[in-house]
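Please read all numbers here as calculations on a predicted model, not as lab measurements. To find a chain, count down the sequence lines: A is the first, B the second, and so on, and within it residues start at 1.
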Amino acid sequence: MSDAVPSHFIRDIILEDIKSGKHDGRVQTRFPPEPNGYLHVGHAKSITINFGLAEEFGGLCNLRFDDTNPSKEEVEYVDSIIEDVRWLGGDFGDRMFYASDYFEQIYQWAEQLIQKGLAYVCDLTGEQVRETRGTPTEPGTESPYRSRSVEENLDLFRRMRAGEFPDGTRALRAKIDMASPNFNFRDPVMYRILHAHHHRTGDKWCIYPMYDFAHGQSDSIERITHSICTLEFEDHRPLYDWYIQQLGIYPPRQIEFDRLSITYTLLSKRKLLTLVQDKHVSGWNDPRMPTISGMRRRGYSPEAISNFCKRIGVSKTNGTTELQLLEYYVREDLNKHALRVMAVLDPLKVVIDNYPEGQVEHMAAVNHPEDESAGTRTVPFSKVLYIEQDDFREVPPPKYFRLSPGREVRLRYGYFITCTSVVKDAAGKVVEVHCTYDPATSGGNAPDGRKVKSTIHWVSAEHAVDAEVRIYETLFAKEDPNDVPEGADFTVNLNPKSLDVQRAKVEPSLRGAAAGSRYQFERLGYFAVDADSTLAVPVFNRTVALRDAWAKIEAKA
RNA sequence: UGGGAGAUCGUCUAAUGGUAGGACAGCAGACUCUGACUCUGCUUAUCGGGGUUCGAGUCCCUGUCUCCCAGCCA
């Protein structure tokens with residue numbers, strides 16, 4: 001199997017630049033989040049591209065906060081972003097920057113454009129600006145303030161900075177072309193007045209640069225060679241280049257790639273914030289969230305997320321990746337690293353009638369079938385056990401291999417048992433299964449070589465630890481959560497069954513398991529220990545279920 | 001109906017004028033003390049119409065469809 005990940009157009013561009021000696025072979029990228037929310041798997045793609053490319057070509061990737069709009073930004077977000085980037089393996093060393101570090105320089109550049117007659121202070125209200133911007137087919141109309149003198153503009157802009165004017169009363173605009181087919185050229189706002197407390201600069205500033213007047217310059221200051229962003233900024237690139245050119249500063253090259261979309265998943269910070277604020281989820285790190293912190297809590301490994309991001313490729317095609325592909329990489333990585341244990345989610349009592357009362361045996365169990373170095377542990381075996389409800393059928397359907405009256409199965413690492421009878425409650429439901437065991441099959445080995453069709457997991461009733469298990473389904477019931485009826489919003493697609501909390505019986509080795517550790521509950525799925533765990537009651541999040549061939553057979557029948 | 005960007009199996013993605021390949025998903029089987037993992041095999045695609053060429057997914061013309069843009073958000 002070839003694991004080679006094919007190249008992509010951005011890597012090809014870098015390759016060409018290196019070949020032509022464009023930046024003396026230097027590669028400098030950056031990951032530039034706005035600290036207005038938690039990072040999600042879409043950002044993981046960007047992190048993988050930016051840090052990955054830098055590493056691949058012996059370059060560097062900076063972490064830079066695009067913190068030009070204090071009204072939406074918070075230190076909580078800054079802290080979470082740093083943690084998440086590091087967790088994903090993004091190595092930014094000590095190169096952690098903020099656009100706000102550059103505010104003074106950016107301000108000076110704005111004055112420079114005023115001096116060149118390329119920027120003016122406009123007294124139009126936001127609404128008036130919108131009204132005069134024109135439409136796709138009609139040019140906009142020029143602001144009456146467009147022809148102010150350099151001196152007046154400079155004076156007004158300095159007074160804007162000095163705090164003389166209330167929010168929204170004036171703005172600094174670039175003087176470009178109100179008839180441009182590209183709206184970004186219709187005299188874009190460079191600075192707005194915002195008397196807001198900034199999480200880093202405090203109250204030092206009451207005017208803040210817009211994204212377009214900060215991003216390219218920040219890239220330039222950091223000598224970014226390749227400024228990689230998503231497709232919706234394609235229309236901004238001409239403006240990005242225009243500012244750089246008018247300022248005569250180092251020109252990075254902006255390159256756009258397609259934003260990640262995943263089925264059953266929403267990747268919009270604004271909408272994720274809504275889910276948090278309206279308490280549809282427990283927080284940004286709810287295990288159902290597509291955030292990095294949510295995935296971490298759910299048990300996704302950084303390697304799995306990274307492998308996924310490498311494999312989906314980089315293109316300019318707007319597509320939607322199937323959730324199953326992400327889950328494949330999660331299973332692939334967890335299969336390699338998660339230790340195996342036994343847990344019963346939906347217990348059914350089994351009594352082994354011929355097993356000595358009060359006897360306990362400690363059966364040896366391997367921790368990882370494909371990694372001998374993971375060692376072994378023991379699991380207590382006794383007369384009364386729990387098995388999974390699903391592993392017993394009084395009337396077995398076709399192709400059902402598990403326990404049923406008269407049938408022999410293997411208890412993993414235990415014994416072969418044969419079902420002899422059942423006990424039912426008043427409603428006719430089987431509440432207890434009686435079996436006999438074959439003492440010659442200790443450890444699950446049959447000395448006579450006889451085969452059973454099934455091996456099932458179990459826990460000893462007396463020794464089992466009660467645990468809470470949280471089973472997750474997709475947060476949204478619809479493949480495209482944004483596909484809503486007229487007038488409705490995306491929350492109508494929320495999946496009411498996305499969280500199912502169950503009481504489970506787990507093997508005693510799991511008592512006191514460390515939060516964050518990941519296990520495979522054999523035959524069930526991968527589970528991660530949640531920080532909500534106590535010594536008395538461990539709490540597990542189901543990361544992802546194992547593939548289940550029987551479920552498919554059964555579903556078809 | 002302006003501008004920008006796209007269109008290859010169900011999905012994502014290769015092929016840079018020369019055998020349309022891979023991964024996931026699906027189907028069938030082998031193996032198995034996890035109906036897991038692994039392994040084997042199979043199904044399925046170049047948006048339409050013209051043209052250039054010995055040869056076109058790729059080049060040209062034309063049509064269609066999809067996404068983005070009228071924040072003092074990023």
Asker: Under 6.0 Å from the ring centre and within 45 degrees of the ring axis: does the NZ or CZ of A:Arg200 meet both conditions for the six-membered ring of A:Tyr98?
Answerer: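 Geometry flag: set, cation within 6.0 Å and 45°.
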Asker: Could you pull out the protein-nucleic contacts involving nucleotides 44-46 of chain B (nitrogen or oxygen on both sides, under 3.5 Å)?
Answerer:
none

Asker: I'd like a table of atom pairs between the protein and nucleotides 7-10 of chain B - only N or O on both sides, under 3.5 Å - with the distance next to each one.
Answerer:
| unit_1 | atom_1 | unit_2 | atom_2 | d |
| --- | --- | --- | --- | --- |
| B:rG10 | N2 | A:Glu322 | OE1 | 3.0 |

Asker: Among all residues two or more places apart in sequence or in another chain, which pass the side chain to side chain donor-acceptor pair (under 3.5 Å) test with A:Asn318?
Answerer: none
Asker: When you compare B:rA20 with B:rA25, how far apart are their P atoms, in angstrom units rounded to a whole number?
Answerer: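 Looking at atom P only, B:rA20 and B:rA25 are 27 Å apart.
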Asker: For RNA chain B, just give me the dot-bracket, please: Watson-Crick or G-U, both distances below 3.5 Å, ( ) intra-strand, [ ] crossing earlier pairs, | paired with another strand, . unpaired.
Answerer: .((((((..((((....[..)))).(((((.......)))))....(((((..]....))))))))))).....
Asker: If we take the C1' atom in both B:rU44 and B:rA36, what is their distance in whole Å?
Answerer: 27 Å
Asker: Are A:Tyr77 and A:Phe65 an aromatic pair, judged by ring center distance below 6.0 Å?
Answerer: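 No - the distance between ring centres of A:Phe65 and A:Tyr77 does not fall below the 6.0 Å cut-off.
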Asker: Please list, chain by chain and in numerical order, all residues satisfying side chain to side chain donor-acceptor pair (under 3.5 Å) with A:Tyr386, sequence neighbours excluded.
Answerer: none
Asker: Who passes side-chain contact (heavy atoms from CB on, under 4.5 Å) against A:Ser460, sequence neighbours left out?
Answerer: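 Here the qualifying residues are A:Ser382, A:Leu385, A:Glu462, A:His463.
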Asker: Rounded to whole angstrom, note down the C1' distance from B:rG71 over to B:rG10.
Answerer: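 So the two C1' atoms sit 38 Å from each other.
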Asker: Could you give the distance separating B:rG4 and B:rU40 at their C1' atoms, to the nearest angstrom?
Answerer: 48 Å
Asker: Between B:rC60 and B:rU66, how far is it from one C1' atom to the other, in whole Å?
Answerer: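 Here B:rC60 and B:rU66 have their C1' atoms 24 Å from each other.
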Asker: Report all interatomic pairs (protein N or O, nucleotide N or O of nucleotides 14-20 of chain B) with separations under 3.5 Å.
Answerer:
| unit_1 | atom_1 | unit_2 | atom_2 | d |
| --- | --- | --- | --- | --- |
| B:rU16 | O4 | A:Asp12 | OD2 | 2.8 |

Asker: Expressed in whole Å, how much space separates the C1' atoms belonging to B:rG63 and B:rA28?
Answerer: 43 Å
Asker: Sequence neighbours left out, what passes ring-ring contact (aromatic ring centres under 6.0 Å, His included) with A:His457? Give chain and number order.
Answerer: none
Asker: Can you tell me which nucleotide in B:rA28, B:rU34, B:rA25 comes closest to the side chain of A:Gln520?
Answerer: B:rU34
Asker: Where the side chain of A:Arg523 is concerned, which of B:rA74, B:rG26, B:rG35 is the nearest nucleotide?
Answerer: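 Nearest to the side chain of A:Arg523 among the choices is B:rG35.
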Asker: Can you list, by residue number, the residues of residues 186-199 of chain A that have a non-hydrogen atom closer than 4.0 angstrom to RNA chain B?
Answerer: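 Listed by number, they are A:Val189, A:Arg192.
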Asker: Name all pairs fulfilling the side-chain hydrogen bond (donor to acceptor under 3.5 Å, both in side chains) condition that reach into residues 170-180 of chain A, sequence neighbours left out, sorted by first residue then second.
Answerer: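 Qualifying pairs, neighbours excluded: A:Asp123-A:Arg170.
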Asker: So which nucleotide from B:rA74, B:rA36, B:rG4 ends up closest to the side chain of A:Asp66?
Answerer: B:rA74
Asker: Measuring only the C1' atom in each nucleotide, how far is B:rA70 from B:rG3? A whole number of Å is fine.
Answerer: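 Per the computed distance, 11 Å lies between those C1' atoms.
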Asker: From B:rA23, B:rA5, B:rG26, pick the nucleotide closest to the side chain of A:Lys552?
Answerer: B:rG26
Asker: Please tell me which of the listed nucleotides, B:rA70, B:rG2, B:rA23, lies nearest to the side chain of A:Leu325?
Answerer: B:rA23
Asker: Pairs under 3.5 angstrom, nitrogen or oxygen only, protein versus nucleotides 63-67 of chain B, please.
Answerer:
| unit_1 | atom_1 | unit_2 | atom_2 | d |
| --- | --- | --- | --- | --- |
| B:rC67 | O2' | A:Asn318 | ND2 | 3.1 |

Asker: Could you note down all residue pairs passing side-chain hydrogen bond (donor to acceptor under 3.5 Å, both in side chains) where residues 546-557 of chain A supplies at least one of them, sequence neighbours left out?
Answerer: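 Pairs touching residues 546-557 of chain A that pass the test: A:Arg393-A:Glu554.
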Asker: Which part of the nucleic acid, if any, lies within reach of A:His215 when heavy atoms closer than 4.0 Å are counted: base, sugar-phosphate only, or nothing?
Answerer: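 The answer is nothing, as A:His215 stays clear of every strand by at least 4.0 Å.
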